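Heads up: the structure comes next, in structure tokens.
Bear in mind the structure is a predicted one, so any value in this text is a computation, not a measurement. First the proteins, then the strands, lettered A, B, ... as listed; each starts at 1. Scope of the values below: all heavy atoms of this structure, side chains included, with no hydrogens, waters or symmetry mates.
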Amino acid sequence: MLGFLAFVVIYGIMKTRGTKDVDSYIRAGRKTPWWTITLSIMATQASAITFLSTPGQAYVDGMRFVQFYLGLPIAMIILSITAVPLYNKLNVYTAYEYLETRFDLKNRTLGSILFLSQRGLAAGFTIYAPALILSVILGWQLDLTILIIGFTVILYTTVGGTVAVNKTHILQMIIITVGMFSSFVIIYFLLPDDISVIDAAYVAGKLGKLNAIDFSFDLSNRYTFWSGIIGGTFLMLSYFGTDQSQVQRYLAGSSIKESRMGLLVNGLVKVPMQFIILFIGAMVFVLYQFVTPPLFFNPVEEQNVKNSIYSEEYIELEKDYDRIFKEKQVKIREMLSAIESGSEIEITEKTNDVLAKQEEATIVREKAIDLIKETNPDADTNDTNFIFITYITTFLPIGLIGLVLAAILSASMSSTSAELNALASTTVIDIYKRMIKKDAADSHYLKVSKLSTILWGIYAIVFALFASQLGSLVEAVNILGSLVYGTILGIFLVAFYFKRIGGNASFYAALIAELVVLYCYLFTNIPFLWYNVIGCLSVIILAFILNPFLPKKAEV
Amino acid sequence: MQSKEKEIIDADESTPPILGSWTKVYALVFGNLIFLILMFYLFTKVFE
């Protein structure tokens, strides 16, 4: 694993020795082929926490999370038709540069500041979250893990810029794919001999884990077909069309054709990829029907209870849990026999028996979580992120554990490198070069870009080091994206499609829309995916209302 | 601004490496999405 880390850094630096100007540094000299763009887009989006959490999510909540991605292919088509040709021909370095061409400086500054504010914190979280999980499971020191991931990324991103990010993304996507594939194959061999893959799918399905599509329209339900196809399209349009960490990936394309193909192939493969990752999580769930799982997947919290006055009570619950699972295994086999016989009455009866055992197990687990809370009121009682890594470290052979850990670190580094790269580009192009020093030499901006990458990297590392003490702020970072994406998307959609709207109307509409989104977050129970729709539509509607009353040209 | 941007979009006459036109590639991506939704729905129903 350490060898892989070293190889990524050396490879990234070796392949980017020709980076001598700002264009090479920020847009990879616009020479990137479509397949590199596709892999780079996917590697940027697949952060380590996604990689660790997604199978765990299927284990706990079923596969319905796949609906979150249904809007992605639609967004890829819309962006290929509109944003790609515009960005390409206007020869922009950042998405926000376009806003000044279309509107004025204040819209460009607002867009870049909204991006910098949320992405800067997110970069810290991208390092912190996987480092926390790895340190808990493997006993690594948290600060050291953060420093290793952070400085490795800073090193090759600073030296090679976008070319290094894109080149290392290829390696990282290969290792992620091999890691996930290996994890899946091993589950197949670990299942009992009398349980086929089809049997396993029936077990997962009957216990509610293969709920990939839900057509019900329910605003209180976070993941449905409708929230995915409507809210997801708005979110993906905003993420891929206006977030510089993604826009920078396809701005590096050697032509409109390469950038478009990069996005569209992502639109073809991303949804099936997420489906497969979730299916792996559902299969881990099935495996743990035949091997009693830990009562709680976070070993640190579990050890805390066992070292407390609640130790005996907790151990009793563990015994109960094991007994229920053994009884459940008998019921599951009876259910599978009923399915084979085809008798609907028997299938229903046996499925209900299994569900009753599942309910018993859930009650025991809830009692265990209560003990964890009694022991430590600040304990994190959500162990979803620890499920997949527990499976990896428990069942995989040593060599494969190293491979999967390399995949997790790859995912963390690939997202962080793209974020630092984009933060530096926006800082230099939209803030420094536009407002502080306009007419310096290219070599000067290259130096500032590198310095900016280092500073944003250090900022992310410092945030990650202190994140554990920030508690609720970490949670806030998770939803910060949805709080600002809708507004940013609204500004861009007005810019793309509503030519009558001027810069002043767009700017003030965006400010009010942001307040509307904040109101929804603070005072309503609307699921976060809908913030993207609300923010975006608020900008468009308010811009139309304000436009007749405001001068079209800004006085800056 | 409007005519300039229209020119920019119209100027993109490059053809995709597959299927001969961008409209067909967009249809492929959209068709693939519909196909996946149907498959996922069947998958949900068969095993539930």
Open item on the list: Report, in residue-number order, which members of residues 202-209 of chain A are under 4.5 Å from chain B by heavy-atom distance.
Closed with: A:Y202, A:G205, A:K206
Open item on the list: Taking 4.5 Å as the heavy-atom cut-off, does anything in residues 63-76 of chain A contact chain B, and if so which residues?
Closed with: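 Against chain B, the residues of residues 63-76 of chain A that fall inside the cut-off (heavy atoms, under 4.5 Å) are A:M63, A:V66, A:L70, A:P73, A:I74.
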TODO: Could you tell me which non-hydrogen atom of B:P17 sits nearest to which non-hydrogen atom of A:M261, and how far apart they are?
DONE: CD-CG, 3.6 Å
Open item on the list: For A:I77 versus B:Y26, what's the shortest heavy-atom pair and its separation?
Closed with: CD1-O, 3.5 Å
Task: Residue among A:G267, A:S255, A:A201 with most heavy-atom pairs under 4.5 Å to chain B - done: A:A201
Open item on the list: Taking every non-hydrogen pair under 4.5 Å, which of A:L264, A:V271, A:N211 racks up the most with chain B?
Closed with: A:L264
Top contributor to chain A contacts, counting heavy-atom pairs under 4.5 Å, from [options]:
options: B:T44, B:N32, B:L36; answer: B:T44
options: B:L28, B:V25, B:L33; answer: B:L33
options: B:V46, B:I37, B:I18; answer: B:I37

Please check if the number of heavy atoms outside [X] that lie under 6.0 Å from its [atom1] is greater than 12.
X: B:F35; atom1: CZ; answer: no
X: A:F498; atom1: CZ; answer: yes
X: B:I34; atom1: CD1; answer: yes

Task: Heavy-atom contact with chain B under 4.5 Å, split by part of A:I339 - done: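 No part of A:I339 comes within 4.5 Å of chain B.
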Task: Region of A:Y497 in contact with chain B, defined by heavy-atom distances below 4.5 Å - done: neither
- [ ] Please work out which of the three classes, parallel, tilted or perpendicular, describes the rings of A:F275 and B:F43, given edges at 30° and 60°.
- [x] perpendicular
Open item on the list: Please evaluate residues B:W22 and A:I81 with respect to the criterion side chain to side chain contact (heavy atoms under 4.5 Å, CB included), reporting the C-alpha separation (whole Å), side-chain torsions for both, the decisive distance (0.1 Å), and the verdict.
Closed with: CA-CA 9 Å; B:W22 286 110; A:I81 296 169; over 6 Å; no
